[in-house]
Amino acid sequence: MSVQQYDAIGEAFEGFKALPLTRFGEVPSFLGMVGDVRGKSILDLACGTGFYSREFKRRGATDVFGVDISVEMIAAAQDIEQRDPLGVRYEVGDVAELRPLERRFDIALGVQCLNYAEDIAGLERMCRNIRRSLVPGGEFFVFAQKPDYRFDCASLDTYGFLCEPTGEETELGPRVQVTALLDPQPISILGTALRREVYEDSLRAAGFSELKWVPIQVSEAGVREFGQDFWADLLASPPLEMLRCRA
């Protein structure tokens, strides 16, 4: 499901990061949760065009390796690396079938990654592969659809997105269509809003511990640009949430 839809997007995916929800909510929240990466190695899973790979390399990570199932996404990431070399490595790969890597990493990132598992078995494979790729005590940081989101943020389009249930239920949770309201052409992606216990059970079964859910915040820059009232609906019904855990 996810391969073809992301292959069709390519470098246009970079435009997601300019939308208000991403620019002032997702990005500062995720960077803040991960924290200081100086001197650390990072495995960026479902890295897309490499936005976070590049950002953490600039912030002092020693070794950053990005993996994505989409050939076109990796091609776009490598093209950006060629234009602005940072020393980030990229490879096409499926997290559910991730090959044994040549090293273990201090940190793994999973931004909109686990929610593309096809079933419980696939999700558990993903979690085991990620756990295997981390040093003992390494951390895994997840960013995804809020598990119990009720699709009730009436003004979500104001922040640059639509999030709509398709009506299909799976053993993981409801299928969801997310549309980024890019100009001139909106981009829609299908995924699954995993239930909270599905995340927690699969991660613990893979050997992760110290699971902690972390809410997204709006940055001070976002409040300065749009005002506090602009963000009221989003903060009352946040569609996204983060999770951190330890190997």
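These numbers were taken from a predicted model, which means no experiment stands behind them.
- When side chains are defined from C-beta on, Glu26 does not count as touching Ile216, because their heavy atoms never get closer than 4.5 Å.
- Side chain of Ser133 to backbone of Asn129: a donor-acceptor contact under 3.5 angstrom is found.
- Smallest separation of non-hydrogen atoms from Thr192 and Asn115: O-CB, 3.1 Å.
- Summarising the local packing, CD of Gln82 is surrounded by 12 or fewer heavy atoms from other residues, nucleotides or ligands at distances under 6.0 Å.
- Judged purely by atom type and a 3.5 angstrom limit, Arg195 has no side-chain atom pairing as donor or acceptor with the backbone of Pro174.
- Summarising the local packing, CZ of Arg103 is surrounded by more than 12 heavy atoms from other residues, nucleotides or ligands at distances under 6.0 Å.
- In this structure Ala221 satisfies the side-chain contact (heavy atoms from CB on, under 4.5 Å) test together with Phe24, Ser219, Arg224, sequence neighbours excluded.
- Residue Tyr199 holds its OH atom at 9.5 Å from CD of Glu241, rounded to the nearest 0.5 Å.
- Thr62 places a side-chain N or O within donor-acceptor distance of the main-chain N or O of Lys40, the cut-off being under 3.5 Å.
- Rounding to the nearest 0.5 Å gives a distance of 12.0 Å between CE of Met33 and CD of Gln217.
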Original post:
Would Leu240 and Gln112 satisfy side chain to side chain contact (heavy atoms under 4.5 Å, CB included), going step by step from the backbone distance to the final call?
Top reply: CA-CA 10 Å; Leu240 302 166; Gln112 304 292 11; 3.8 Å; yes
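- Of the possible donor and acceptor atoms, none in the side chain of Gln177 sits under 3.5 Å from a partner among the backbone N and O of Ser188.
- With contacts defined as side-chain heavy-atom distances shorter than 4.5 Å, the pair Glu225/Pro20 does not qualify.
- Clustering ILVMFWY residues whenever any of their side-chain heavy atoms sit less than 4.5 angstrom apart, transitively, puts Ile187 in the very cluster that holds Val176.
- In this structure, the separation between SG on Cys47 and CD on Glu91 is 10.0 Å, given to the nearest 0.5 Å.
- The closest side-chain heavy-atom distance from Arg196 to Lys146 is below 4.5 Å.
- Both Phe30 and Val218 belong to a single network of hydrophobic side chains, linked directly or stepwise wherever heavy atoms of I, L, V, M, F, W or Y lie under 4.5 Å apart.
- With rounding to the nearest 0.5 Å, the separation of CG in Leu45 from CG in Leu109 is 7.5 Å.
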Check: Which is it for Phe51 and Val27 under the side chain to side chain contact (heavy atoms under 4.5 Å, CB included) test, yes or no, and what are the steps along the way?
Finding: CA-CA 10 Å; Phe51 176 87; Val27 172; 3.8 Å; yes
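- At least one side-chain heavy atom of Leu31 sits under 4.5 Å from a side-chain heavy atom of Phe56.
- Put simply, the side chain of Arg132 gets close to the backbone of Leu98: a donor and an acceptor are under 3.5 Å apart.
- Here the side chains of Leu21 and Leu19 are not in contact, with every heavy-atom distance at 4.5 Å or above.
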Name every donor-acceptor pair, under 3.5 Å, that has one atom in a side chain of residues 201-213 and the other anywhere in the protein, sequence neighbours excluded.
residue: Ser202; atom: OG; partner: Val198; partner atom: O; Å: 3.0
residue: Glu210; atom: OE1; partner: Arg246; partner atom: NE; Å: 3.3
residue: Trp213; atom: NE1; partner: Glu200; partner atom: OE2; Å: 2.7

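- Legend: residues meeting side-chain contact (heavy atoms from CB on, under 4.5 Å) with Glu168, ordered by chain and number and at least two apart, are Thr166, Thr170, Arg175.
- Glu81 places a side-chain N or O within donor-acceptor distance of the main-chain N or O of Gly87, the cut-off being under 3.5 Å.
- Counting all heavy atoms, side chain and backbone alike, Met242 lies closest to Pro215 at CE-O, 3.6 Å.
- Contact record, Tyr159 with Cys153: CE1-SG, 4.0 Å, taken as the closest heavy-atom pair.
- When side chains are defined from C-beta on, Pro136 counts as touching Arg104, because their heavy atoms get closer than 4.5 Å.
- Panel note: side chain Asp44, backbone Ser53; a donor-acceptor pair is recorded below 3.5 Å.
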Tell me which donor-acceptor pairs under 3.5 Å the side chains of residues 226-234 have, and how far apart each pair is, sequence neighbours excluded?
residue: Trp231; atom: NE1; partner: Gly222; partner atom: O; Å: 3.0
residue: Asp233; atom: OD2; partner: Ser155; partner atom: OG; Å: 2.7

For a side chain to side chain contact (heavy atoms under 4.5 Å, CB included) check, start with the C-alpha distance between Leu162 and Leu156, then their side-chain angles and the critical distance, and finish with the verdict. CA-CA 6 Å; Leu162 296 175; Leu156 189 58; 5.6 Å; no
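- Checked against ring-ring contact (aromatic ring centres under 6.0 Å, His included), Tyr149 has the following partners two or more places apart in sequence or in another chain: Phe151.
- Donor-acceptor pairing under 3.5 Å is recorded for the side chains of Asp106 and Ser41.
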Working for side chain to side chain contact (heavy atoms under 4.5 Å, CB included), residues Ile189 and Phe16
CA-CA 12 Å; Ile189 298 170; Phe16 281 48; 3.9 Å; yes
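- In this structure, Arg58 and Asp84 approach most closely via the heavy-atom pair NH2-OD2, 3.7 Å.
- Distance check: Glu118 CD to Leu123 CG gives 11.5 Å after rounding to the nearest 0.5 Å.
- The ring-ring contact (aromatic ring centres under 6.0 Å, His included) test applied to Phe143 returns no partner, not counting sequence neighbours.
- Annotation for Pro186 and Thr179: closest pair CB-CG2, 3.9 Å, computed over non-hydrogen atoms.
- Linking Ile, Leu, Val, Met, Phe, Trp and Tyr whenever their side-chain heavy atoms come within less than 4.5 Å leaves Val135 and Val34 in two separate clusters.
- The two residues Ile74 and Gly66 come nearest to each other via the heavy atoms CD1-O, 4.3 Å.
- Summarising the geometry, atom CZ belonging to Arg38 is positioned 11.0 Å from atom CZ belonging to Arg59; distances are rounded to the nearest 0.5 Å.
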